[in-house]
Amino acid sequence: MNILKNIESIRNDFPILSTKVNGNQLVYFDNAATSQTPNCVIDSISDYYKTLNSNIHRGVHKLSQLATEKYENSRKKFKEHLNANCTSEIIFTSGTTHSINLVSNGFIEFLNEGDEIIVSQLEHHSNIVPWQMLCEKTGAVMKVIPMNEQGELKVSEFLKLLNNKTKIVFINHVSNALGTINPIETVIEKSHAIGAAVLIDGAQAAPHFEIDVKKLNVDFYVFSAHKLCGPTGVGILYGKKEWLEKLPPYQGGGEMIDEVSFEKTTYAELPNKFEAGTPNIAGVIASGIGLDYINSIGLKNIKEYEDYLLDYATSKLKEIEGVKVYGESKNKTSVISFNIGEIHPYDIGSLIDNLGIAVRTGQHCAQPIMDYFNIPGTIRISFCFYNTIEEIDFLVKALKKAIKMLS
Ligand SMILES: *Cc1c(COP(=O)(O)O)cnc(C)c1O
């Protein structure tokens with residue numbers, strides 16, 4: 001395994017990994033919330049403010065031209081990475097949440113009372129709430145694809161929900177709470193067959209495997225740079241050109257206009273139409289550097305290594321008495337959601353935090369999943385390519401200690 005051979009040098013790229021918590025080496029297992037930041041990304045942000053800082057797309061001066069070039073170069077990187085048709089199909093936003101709101105707001109124009117939109121039970125709140133707000137504004141009705149005990153979508157139920165009133169289907173590629181990889185190819189194909197658009201929330205997929213929007217034939221694909229070794233505050237919205245042209249602008253302001261007068265304003269061409277105001281220039285440039293970093297390791301290598309960590313950790317955890325793992329699809333990424341007996345996940349989380357292990361406890365912004373299992377929440381560990389088998393062994397020891405203290 002390539003990563004295993006280079007793990008020391010990879011870890012050295014992430015300064016935060018040498019942090020000590022209460023005298024222990026930090027073990028960072030909360031990568032589904034945000035990934036850590038390599039030196040090249042941190043340096044990119046600092047270099048930008050030291051040498052380039054200026055506003056883009058407007059100055060005739062040298063710094064503005066250079067900054068614009070780097071900003072647009074980052075767009076090119078994401079275009080190539082996703083295999084989009086052209087750079088105007090890549091819109092920079094502030095995150096997955098912003099990207100979803102941009103699309104859901106635009107759909108106000110396309111929906112009438114009684115139209116239907118489809119979500120799944122496996123979603124992050126940010127792929128539920130904006131659409132509920134859309135339903136309130138338009139009188140459209142939201143239908144929900146149910147899941148099974150393994151945490152997988154029931155595809156046959158999805159097919160029953162589709163009809164000629166369905167206008168858009170929005171589901172995640174990978175569940176952040178359980179790690180399930182959803183059959184989005186089928187969802188896209190069947191939705192298109194009845195004329196509905198599809199938005200895929202790829203926040204948990206983009207860090208783990210390659211995405212080809214052309215092959216998927218998806219209408220909208222969204223994710224956040226901060227889960228891809230980039231900084232916070234940058235999101236990517238891929239949209240098919242024909243959809244982005246139809247969709248009305250989300251925010252008005254500078255940069256998104258063609259001509260402004262008090263009588264009438266015309267909007268700029270793509271992608272500027274959706275990037276009103278001064279964007280997160282340093283962040284967008286650094287996100288491109290983060291993407292380069294991921295690609296230098298290689299998503300195939302990443303997937304192989306993370307699957308190895310996932311299998312090892314799952315079997316070690318299951319050896320602990322009382323452990324129940326939620327979401328056991330064969331098709332999943334490196335996320336493990338579990339509970340131990342009747343112990344509250346928060347109590348375990350706090351005890352192992354004292355030992356320097358960072359996990360997430362609670363609902364993971366996905367309350368409908370917790371309601372399905374009838375639990376208050378879970379302990380979630382999620383891996384990145386810089387995690388190790390030794391860290392998993394340390395976690396297992398820490399969990400056993402915590403169980404003794406709590407029972
Ligand atoms: C993290 C996440 C989001 C929200 O991303 P933000 O960066 O907070 O906007 C949405 N959906 C999924 C599946 C996520 O994992």
Side-chain angles (χ1 to χ4, degrees), residues 28-37 41 78 91-105 119-133 144-145 147 151-153 169-184 187 198-209 211 218 220-238 250-251 274 279-280 283-284 286-287 290-291 306 326-327 329 331-337 358-370 377-378 380-384:
Y28 187 76
F29 281 160
D30 196 16
N31 295 287
T34 195
S35 56
Q36 291 304 344
T37 321
V41 171
F78 282 98
I91 310 295
F92 288 119
T93 65
S94 70
T96 304
T97 305
H98 178 188
S99 299
I100 295 171
N101 277 277
L102 189 159
V103 177
S104 67
N105 248 276
V119 67
S120 92
Q121 199 170 6
L122 275 172
E123 299 308 307
H124 189 285
H125 294 161
S126 63
N127 200 24
I128 302 174
V129 183
W131 303 102
Q132 278 172 329
M133 293 161 75
V144 184
I145 313 169
M147 62 186 236
E152 297 163 328
L153 289 187
V169 178
F170 37 99
I171 65 164
N172 57 37
H173 197 164
V174 172
S175 154
N176 67 302
L178 304 178
T180 316
I181 303 173
N182 290 314
I184 64 163
V187 169
V198 179
L199 175 140
I200 299 293
D201 169 356
Q204 296 295 337
H208 304 293
F209 42 79
I211 312 291
V218 66
F220 302 100
Y221 197 97
V222 301
F223 55 99
S224 299
H226 71 90
K227 294 180 180 176
L228 261 178
C229 292
T232 52
V234 178
I236 288 85
L237 160 64
Y238 159 82
Y250 179 45
Q251 291 183 315
F274 292 109
N280 183 351
V284 165
S287 300
L291 181 66
E306 289 176 346
Y326 296 93
S329 175
N331 242 339
K332 64 179 281 193
T333 57
S334 49
V335 170
I336 309 175
S337 239
V359 299
R360 178 142 175 204
T361 62
Q363 303 175 336
H364 321 299
C365 299
Q367 199 180 340
I369 298 180
M370 304 304 140
T378 66
R380 182 187 72 181
I381 55 179
S382 49
F383 302 125
C384 189

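Ligands are counted one by one from 1 in listed order, and the atoms in each one are counted from 1 as well. What's counted below: heavy atoms across the whole structure, side chains too, no hydrogens, waters or symmetry copies.
Taking a 4.0 Å cut-off on heavy atoms, Asp201 registers as neighbouring ligand 1. Using a 4.0 Å cutoff on heavy atoms, His98 does not count as a contact of ligand 1. At least one heavy atom of Lys227 sits under 4.0 Å from some atom of ligand 1.
Ring-plane geometry between Tyr250 and His98 is classed as tilted, the angle between the planes lying from 30 to 60 degrees on a 0 to 90 degree scale. Between Phe170 and Trp131, the ring planes lie parallel to each other; the angle is under 30°, not in the 30° to 60° tilted range.
Each of the atoms 13 (C), 14 (C), 15 (O) of ligand 1 lies under 4.0 Å from some heavy atom of Gln204.
Minimum heavy-atom separation, Val234 to Gly283: CG2-C, 3.4 Å.
Only the side chain of His226 comes within 4.0 Å of ligand 1, counting heavy atoms alone; its backbone N, CA, C and O stay farther away.
When the options Ser382, Ala33, Ser224 are ranked by their closest heavy atom to atom 6 (P) of ligand 1, first place goes to Ser224.
At the shortest separation from atom 10 (C) of ligand 1 among protein heavy atoms lies Ser126 OG, 3.1 Å. Among all protein heavy atoms, the one lying closest to atom 9 (O) of ligand 1 is Thr97 OG1, 2.6 Å.
A distance of 12.0 Å separates NZ in Lys332 from CD in Gln204, rounded to the nearest 0.5 Å. The structure places CD of Glu123 at 6.5 Å from CD1 of Ile128, a figure rounded to the nearest 0.5 Å.
Looking only at distances, a side-chain donor or acceptor of Ser382 sits under 3.5 Å from a matching main-chain atom of Asn31.
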